[in-house]
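Single-structure report; data block below.
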Number of protein chains: 2
Amino acid sequence: MRMGEGVEWAAHACLLLSALPDGAGLPAAAIAAFHDVPPAYLAKHMQALARAGIVTSARGASGGYRLARAPEEINLLQIADAVDGGEPAFRCTEIRQRGPCAAKAEECMKACGIAAAFWAAERIYRQHLEGVRLADIRSALVRKQDSANMERLKAWLEAHANN
Amino acid sequence: MRMGEGVEWAAHACLLLSALPDGAGLPAAAIAAFHDVPPAYLAKHMQALARAGIVTSARGASGGYRLARAPEEINLLQIADAVDGGEPAFRCTEIRQRGPCAAKAEECMKACGIAAAFWAAERIYRQHLEGVRLADIRSALVRKQDSANMERLKAWLEAHANN
DNA sequence: GCTTAATTACTCGGATAGCAGGTGTCCGAGTTTATAGGG
DNA sequence: CCCTATAAACTCGGACACCTGCTATCCGAGTAATTAAGC
Ligand code: FES
Ligand code: FES
């Protein structure tokens, strides 16, 4: 099992956007520079976030990305689904219905026990991620953050943000 | 996020082996024929199970695979880790330590909040899978299984098992 | 000086190559069984 | 009839191509700011 690397980038991008002054926008190039990642590739994941309605995009000069709603209304599950594609990790090909001694269709009204177990585990996984809001991560970060760094971040945002 | 397709095959293979008479072995070709999957590919995953110590292999005529221990001592987490590789799905590249306004190493004694949340979710996921034993799946299956099919399965196993 | 229209600069968006890992297959190493020959 | 050596058949094990999907990048569409001209 392996999750796309862009999930980490997208999550940190949203975390950075949550520190933005209200009504301001931040270009994808600035976000990429802040995290030192390939700008074009991060832009691709930003598009995914925009398609999912997590961030809104403004084109043209003084454009950029901003959060579509309050950080309290954004959780890690939404970000992971948007970037990585929300399809289930475990793929059941109904192997029990194949082969010489297979179970017939009329006996498969209930899902296979193996698939049910995996999907139940995934359900719990997703519920846990859904419970972690972006605001929680941000508040926990600022709590243990040096005040000097906080000022440095704020200055950097003021210098690169538009509007 | 996407799990290897072979996990389903390996799980069902173990489930089939758990129905085997005690001390008998089943060749990989027979398991593949039973599930109607490419024999050579299933053999690859069987090797992974053998390397992980979940099944034991016997070469030569009348050889084959058998469970290494009782079905009560085998759970889905062991199978998934053996086939899919137990590495964490979420990959943290310590993005916070990079870029112009990065957090320095001395401030990163604790794991990043985002990575911590994802890894905690994975931990719960794995715990759930660890709680599902192969014996549980088998008992739940035989409970709702037709007795005629049970006999058919037993006859098939007798016909293809060695020793 | 003010209005307006063209120009410029900047941004997102989707379309396009490159590469890794999962998918699928093959043949050789090793063991057991069957067989044939000799005692 | 029994023992043994040979041959055969069968199985696992790792090494070899292929192919989907993630990784990485580019250029065009669209918008706001800028500028210059005209009134
Ligand atoms: S048939 Fe797909 S997991 Fe059992
Ligand atoms: S630095 Fe890797 S998730 Fe935050």
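A note on names: the letters A, B, ... follow the listed sequences, proteins ahead of strands, and every chain is numbered from 1.
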Touch class at under 4.0 angstrom, heavy-atom based, for Arg66(A) against every strand present: nothing
Mutual orientation of the aromatic rings belonging to Phe90(A) and Trp119(A) [parallel < 30°, tilted 30-60°, perpendicular > 60°]: perpendicular
5′-ward residue of the pair Gly63(B)/Leu42(A) relative to DNA chain D: Gly63(B)
Side-chain touch Tyr65(A)/Thr56(A), heavy atoms, less than 4.5 angstrom: no
Residue met sooner reading DNA chain D from 5', once Tyr65(B) and Gly4(A) are mapped to nucleotides: Tyr65(B)
Val37(B) side chain near Ile31(B) side chain, heavy-atom distance below 4.5 Å: no
Donor + acceptor pair across side chains of Glu5(B), Thr93(A) (<3.5 Å): no
Touch class at under 4.0 angstrom, heavy-atom based, for Ala43(B) against every strand present: nothing
Gln127(A) and Glu130(A): side chain donor to acceptor below 3.5 Å: no
Check: Trp156(B) main-chain N/O paired with His160(B) side-chain donor or acceptor under 3.5 Å: yes
Distance, rounded to the nearest Å, where Leu49(A) contributes CG and dG13(C) contributes C1': 14 Å
Contacting residues from residues 50-61 of chain B, given that a heavy atom lies under 4.0 angstrom of DNA chain C: Arg59(B), Gly60(B), Ala61(B)
Whole-Å gap separating C1' (dG13(C)) and OH (Tyr41(A)): 17 Å
Spacing between Met46(A) atom CE and dG14(C) atom C1', to the nearest angstrom: 17 Å
5' precedence on DNA chain C between Ala40(B) and Gln47(A) (nearest-nucleotide basis): Gln47(A)
Any side-chain heavy-atom pair of Pro38(B) and Trp9(B) under 4.5 Å: yes
Ion pair Arg126(A)/Asp81(A), N-O distance below 4.0 Å: yes
Length of the CD-C1' vector between Glu5(A) and dG21(C), whole Å: 14 Å
Donor-acceptor under 3.5 Å (Asp146(B) side chain, Asn149(B) main chain): no
Leading and trailing nucleotides of DNA chain D with any atom under 4.0 Å from heavy atoms of chain B: dC10(D) to dT23(D)
Phosphate-side-chain proximity, Arg2(B) and dT23(C), N/O vs OP1/OP2 below 4.0 Å: no
Between P of dT33(C) and CG of Asn162(B), the distance in whole Å: 9 Å
